[in-house]
Undergrad: 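Dropping the structure in here first, questions after.
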Amino acid sequence: MSGKTGRRAVVVDGLRTPFVKAFTDFTKLDTIALGVAATRGLLKKANLGRRDVESIVWGGVILPGTAPNVGREIALDLELDPACEAMTVTRACASGLQAVTLAAAAIERGEADIVIAGGSDSTSNAEIKLPQKVVHALAPVALGKADPKAILGAVGKLAPFTDILPTRPKIAERTTGEVMGEAAEKMARRNEISRAAQDAFAARSHHRAAAAMASGRFDEEVTPVESEGKWVHADGLVRADTSEEKLAKLRPVFAKDGTVTAGNASPLTDGAAAVLLMSEEKARALGYKPRAALTSWAYVGVDPADQLLMGPALAIPKVLDRAGRTLAEIDLVDLHEAFAAQVLCVLKMLGSAAFARERLGKSAAVGEVDPARLNVHGGSIALGHPFGATGARMVTTMANELVRSDKRTALLGICAAGGLGAAALLERID
């Protein structure tokens, strides 16, 4: 996809922090600090001057209340050129990909030549929300004159005191109240996805991620991060020794007789990922070898009450149509693994002629995906899922893999809260 200017945005490089389980190694690093670590590492790796970056587009979901424009804070903390403008975007789990495609679009329009796009999230530093009753009672005091009479009046408004405790954060839909895992459970039941199939998929994700780590596949895209005097060098969630038998012993989380477990779902994760994009002309002028171009992308919405996580099954066909390609022509497919159930449901619908007729207006199924070309280095179940970072991680890994394995195309798909779906096509540049 190139703009009317004829310019093409290319992926030059990418880097991420290790992805670690929430409340472990990165507990004291907030989303800004994680973003700074990934971006600093990327600048060093690419040997790019801090005054060269024209823009930062950053994705995030758990945004800090006092500094929600994380992208700008990263630019300021790194002492980039003050003229480097920045914004932060949020599209739930597709935020990182949204940042990358916005950066690509800006380059194609001629708005910039060098942009860093990515995302970060720190579940460990999610802010605890006070009930509105407390906010309404105390805000006038905090923002006005805190004299004894005002304070006593505020305390009086808080009574009874049984409902003023902070509420526990949960990943639930505002419109339906449904937790995402419950939606995955319903999808598995509706589409007849078995527990055994989910556990087999999860085990494969871990084994492939472990193999990628052992082979050094991730070495060029993961930067060590210092936290509390200790250096973290590698992802902390991958379990090379897991198996279908071990996963089968885990209890369902979201329904007593359910199939979704902690083992076949992505864990709460802290981390960040950054991608360096340039106009192709600028990249070549500076001596960089572009890795890939984003040739098409699409974002869709579905009814959150009806298969919340099915979005990729609609976004992927849009991307293929816009690129003039078929699924059979794609070399690599990388799907975000929110839950094994969700990925397997999406794959089943892509292969369903009935779904194609009813939801896509097509006479034939989009196609089957060969497991050998699907999530070749594992996915979010094994690696973890910092909400804002996953899309940028996928872009980096697939761009690298296209070059390394001499493949031509990679198709990305992401489901997201709110009934959203995202997809993008990467094509290797010679």
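What you see below is based on every heavy atom in this structure, not just the backbone, and it leaves out hydrogens, waters and symmetry mates.
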Undergrad: Can we say E178 and K186 salt-bridge, meaning some charged N sits less than 4.0 Å from an Asp/Glu carboxylate O?
TA: yes

Undergrad: Go through K230 and E228 one step at a time and tell me if the salt bridge (charged side-chain N to carboxylate O under 4.0 Å, His left out) criterion holds.
TA: CA-CA 6 Å; K230 182 178 80 171; E228 297 185 88; over 6 Å; no

Undergrad: Looking only at the side chains, is there a donor atom on one of N400 and R291 sitting less than 3.5 Å from an acceptor on the other?
TA: yes

Undergrad: If the threshold is 4.0 Å, N to carboxylate O, is there a salt bridge linking D257 and R195?
TA: no

Undergrad: Let's go through R373 and D334 carefully: what are the C-alpha distance in whole Å and the side-chain angles of both, what is the deciding distance for salt bridge (charged side-chain N to carboxylate O under 4.0 Å, His left out) to 0.1 Å, and is it a yes or a no?
TA: CA-CA 8 Å; R373 59 191 176 109; D334 207 52; over 6 Å; no

Undergrad: Answer whether the closest heavy-atom distance between the side chains of T123 and F387 falls below 4.5 Å.
TA: yes

Undergrad: Flag yes if more than 12 heavy atoms outside K21 fall under 6.0 Å of its NZ atom; otherwise flag no.
TA: no

Undergrad: Is it the case that more than 12 heavy atoms not belonging to K318 sit under 6.0 Å from its NZ atom?
TA: no

Undergrad: With a 4.0 Å cut-off on N to O distance, would you call R7 and D113 a salt bridge?
TA: yes

Undergrad: Can a salt bridge be assigned to the pair E280 and R284 using a cut-off of 4.0 Å between side-chain N and carboxylate O?
TA: yes

Undergrad: May I ask you to say whether R16 pairs ionically with D235, meaning some side-chain N is under 4.0 Å from a carboxylate O?
TA: yes

Undergrad: Would you find more than 12 non-hydrogen atoms of other residues, nucleotides or ligands less than 6.0 Å from E281 atom CD?
TA: no

Undergrad: Between K289 and D13, is the closest basic N to carboxylate O distance under 4.0 Å?
TA: no

Undergrad: Check F26 against N125 and note the closest heavy-atom contact, atom names and distance.
TA: O-ND2, 4.4 Å

Undergrad: Above 12 or not: heavy atoms from other molecules or residues under 6.0 Å from CD of E79?
TA: no

Undergrad: In plain terms, say whether R325 and E427 are close enough for a salt bridge, that is, a side-chain N and a carboxylate O under 4.0 Å apart.
TA: yes

